[in-house]
Every structure is written in C-alpha cells, then in structure tokens.
Amino acid sequence: MTQLFSTNDDAVDLLHADHLAVKDLFAQYQQLCSAGAPCEEKRELAGRICQALSIHSQLEEEIFYPELREAIPAGALLDGCEVQHDMTADLVAQILSLGPHDDLVDARVIVLGEHVEHHVRREREELFVMARNSRLDLRAMADELNQRKSELMANWQPEKA
Ligand SMILES: [Fe+2]
Ligand SMILES: [Fe+2]
C-alpha cells in the first residue's frame, strides 16, 4: 500500500489491491514473529500496517462509502463497516502509542489482522458486489481515490492517526 493505484483500474480494483497489500504486510509481520525478529524491525512494519489501514479507511469513508450510500440501499451494512473502521482506528492508535518493547505489540497487531480480515471479507463479498452492480461510475471514482490517496500519503502523521 505504499504505491499509488494503477490508472487502468476502477474503484473496486483499487480498494481490493489495498486489501491484498495489507494482507501481505500482516503475513510479513507473522513471519517476523516466527523468526524472532528484533522488536524495532517489527515496530517499523507495524507502523507501515497502521499507515496503510488508516489511509485506506479514510479513503473509503470520504469517497467510497458516501457514494455507495447515495446509490444503493445499504445503510445498515455501511453503518456496520464504519463501526468496524472505528475499531480498527482504536487498535491502530494503541499500537502507535506503544514502544517497540511493549509486551503486547505482537498481540495487538495479530488481533488487528484478524479484525481487518473479517472486515475486508465483508467488503469484498457484499459491498464490492453491490458497487459493481450499481450505477456508480467506478472509473471516475478511481481517479478521485488516486488523487486523495497521494495527498494522504504525503501528509501522513502517525501521531494524528
Ligand atoms: Fe473498510
Ligand atoms: Fe476496504
């Protein structure tokens, strides 16, 4: 998720690519844990996971969810997704506030990964399908997402996550 989206994709492709990228980061974290990697190395990766998730959630909340809310009757589903984003943000804030040697860093990152996996499945199996079947211009939305993502990445401040 450190790269901008491809210009040929639509909004769902772009958000799905983010999901795959963050899944890969969580898998890398598990590998570091299994290998007994130094705390500092794990903390650096945890920071990148937090950045990826914060920016992705913000993109969805600013652009994807509101447009979907207008286009289809999925209010309850979107409400649930926003609550899941709040839970993600809480865990991200906890992780960013911990020092690298805190005993609970690994546990918090792993629980965050489980939570995000559940949320992402809900988006992929329900929201993304609805978006693709809607009248939304997902190509135009992709341009919006790309532009906003580059702004958020340029201005990322962990202490404000
Ligand atoms: Fe989401
Ligand atoms: Fe998502």
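Computed from a prediction, not measured in an experiment: that's the story for all the values here. Counting starts at 1 for both ligands and their atoms, in listed order. What's counted below: heavy atoms across the whole structure, side chains too, no hydrogens, waters or symmetry copies.
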### Query
So, Asp13 side chain and Asp10 main chain: donor-acceptor pair closer than 3.5 Å or not?
yes

### Message
Taking the basic N atoms (NZ, or NE/NH1/NH2) and the acidic carboxylate oxygens, is any pair closer than 4.0 Å for Glu40 and Arg43?
### Response
no

### Query
Around the Fe ion (ligand 1), what protein N, O or S atoms are found below 2.8 Å?
Glu60 OE1, His85 NE2, His119 NE2, Glu123 OE2

### Query
Looking at residues at least two apart in the chain, or sitting in another chain, which of them share a ring pair (Phe, Tyr, Trp, His ring centres under 6.0 Å) with His119?
His85

### Task
Tell me, please, which residues at least two apart from Tyr29 pass ring pair (Phe, Tyr, Trp, His ring centres under 6.0 Å).
none

### Query
Under the side chain to side chain contact (heavy atoms under 4.5 Å, CB included) test, which residues partner Gln30, sequence neighbours left out?
Ile110

## Note on the structure
Of all the N, O or S atoms in His19, the one nearest to the Fe ion (ligand 2) is NE2

#### Entry: Aromatic plane relationship, Phe64 with Phe128 - under 30° parallel, 30 to 60° tilted, over 60° perpendicular
perpendicular

